[in-house]
Amino acid sequence: MTARTATVSRKTNETQIEVSVSLDCTSGSGQAQNIDISTGIGFLDHVLIPPIFFPHGQTNRILQMYHALAKHSGMSLIMKCQGDLWIDDHHTADKIHIQDSAIALGTAFKQALGEIKGIRRYGTGFAPLDEVCNHSLVVGPLVAEHSFSKALSRAVIDICSRPYCVTELGLKREKIGDLSTEMIPHIFHSFAVAAGVTLHVDVLRGENDHHRSESAFKALALAIKQAIEQTGGNEIPSTKGVL
């Protein structure tokens, strides 16, 4: 079976990005999953480096998103970004690194997938995420953290060569760490257009914008994992016979 891998370099006047992906690193595949991400934006990398490495509240939690996307989709992902982070709020970490990194990731994903055949094509993912209250709950002699609500997101993907994206994230804060929340939908949109997929991402509930965003990325990861699953055949998954 042909390995589904790709490496993409994207260079602009403002950034230099290299992305390598391998789609078949799920548990039991025999392929080790390798995730190594450096975008220069803490929160984005967090959803791209395990959160255990970053103390609660650090802006580096941005690293979670891409890590979560790779980890839960079963992909290996190597992403290295270099560029000017000090232009202005909309043209740095937010616009340049985030948007361009998402474009590079989508392009690598599309190249690694190759011709759309022998896969499930459609994928749906639901991802809950605990939101833990900062207060302790005392029950008799026991003291425990009290979970007061959960974030829940749904993502639906169609690998169809017809780029389209709709997001309803319901984010209220201006920033999560050093990332403007208005840029988070751009990640999904840029990925969808570059990958050639139709994508719907909705956050169904949750109070904390960090958890809402992280849940959304995990839901997308689960949807991708399902959609790229190989069926064992070689058929094009369309009644038209072409995608």
Side-chain angles (χ1 to χ4, degrees), residues 1-8 10 19-35 47-48 65-79 99 101-128 152-169 184-204 215-243:
M1 187 175 296
T2 303
R4 298 188 295 178
T5 63
T7 296
V8 167
R10 177 177 173 83
V19 175
S20 296
V21 300
S22 177
L23 301 184
D24 302 304
C25 300
T26 56
S27 178
S29 66
Q31 300 295 322
Q33 188 177 34
N34 186 13
I35 303 174
V47 294
L48 284 170
M65 290 191 184
Y66 276 144
H67 184 277
L69 182 61
K71 179 66 177 179
H72 296 289
S73 65
M75 289 192 294
S76 281
L77 173 61
I78 311 296
M79 178 184 289
Q99 199 163 348
S101 65
I103 291 171
L105 177 59
T107 302
F109 176 84
K110 184 176 183 178
Q111 289 187 12
L113 197 59
E115 187 177 358
I116 305 173
K117 61 181 181 180
I119 62 170
R120 295 185 62 172
R121 174 181 166 180
Y122 299 102
T124 302
F126 286 86
L152 176 65
S153 295
R154 174 188 62 219
V156 182
I157 191 170
D158 177 10
I159 301 176
C160 59
S161 300
R162 293 186 289 275
Y164 184 73
C165 182
V166 177
T167 60
E168 291 289 345
L169 307 182
I184 294 177
H186 287 289
I187 299 174
F188 295 115
H189 182 269
S190 297
F191 172 81
V193 170
V197 303
T198 291
L199 180 62
H200 297 261
V201 182
D202 298 276
V203 178
L204 305 178
S215 173
F217 275 84
K218 288 180 177 179
L220 174 57
L222 296 174
I224 288 173
K225 183 178 181 179
Q226 185 179 92
I228 67 176
E229 182 181 342
Q230 294 174 308
T231 62
N234 201 38
E235 300 85 4
I236 296 174
S238 171
T239 56
K240 298 177 182 178
V242 62
L243 284 171

What's the shortest heavy-atom distance between [X] and [Y], and which atoms?
X    : Y    : result
F217 : L69  : O-CD1, 3.8 Å
L199 : F188 : CD2-O, 3.8 Å
A227 : I157 : CB-CG2, 3.7 Å
G196 : P163 : CA-CG, 3.9 Å
L169 : A216 : CD2-CB, 4.3 Å
L222 : G125 : CB-CA, 3.9 Å

For [X], enumerate each residue passing the side chain to side chain contact (heavy atoms under 4.5 Å, CB included) test, keeping only those at least two apart in sequence or located in another chain.
X    : result
Y164 : V166, T198, H200
A112 : A6, V21, L23
S76  : S22, C25, Q33, N34
S238 : R121, I236, K240, L243

Polar side-chain atom of S190 near backbone of I187 as donor-acceptor pair, under 3.5 Å: no
Partner residues of E235 under the salt bridge (Lys or Arg N to Asp or Glu O under 4.0 Å) criterion, sequence neighbours left out: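 E235 satisfies salt bridge (Lys or Arg N to Asp or Glu O under 4.0 Å) with no residue once adjacent residues are dropped.
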Close side-chain approach of K71 and I35, heavy atoms under 4.5 Å: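 They are in side-chain contact.
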L77 and V19, any side-chain heavy atoms less than 4.5 Å apart: yes
By side chain to side chain donor-acceptor pair (under 3.5 Å) - contacts of T7 (at least two apart):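 Side chain to side chain donor-acceptor pair (under 3.5 Å) list for T7, sorted by chain: S20.
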For S153, side chain to side chain donor-acceptor pair (under 3.5 Å) partners two or more places apart: S215
ring-ring contact (aromatic ring centres under 6.0 Å, His included) pairs, two or more places apart, involving residues 221-243: none
Approximate separation, where rounding is to 0.5 Å, of [X] [atom1] and [Y] [atom2]:
X    : Y    : atom1 : atom2 : result
Q230 : I119 : CD    : CD1   : 8.5 Å
F191 : I224 : CZ    : CD1   : 4.0 Å
D24  : I228 : CG    : CD1   : 6.5 Å
L152 : L204 : CG    : CG    : 4.5 Å
F109 : R4   : CZ    : CZ    : 8.0 Å

Step-by-step side-chain contact (heavy atoms from CB on, under 4.5 Å) determination, E168 to V203: CA-CA 6 Å; E168 291 289 345; V203 178; over 6 Å; no
Chi angles and distances behind the side-chain contact (heavy atoms from CB on, under 4.5 Å) call for R10, T107: CA-CA 10 Å; R10 177 177 173 83; T107 302; over 6 Å; no
Contact list for residues 217-229, test salt bridge (Lys or Arg N to Asp or Glu O under 4.0 Å), sequence neighbours left out: R120-E229, E214-K218
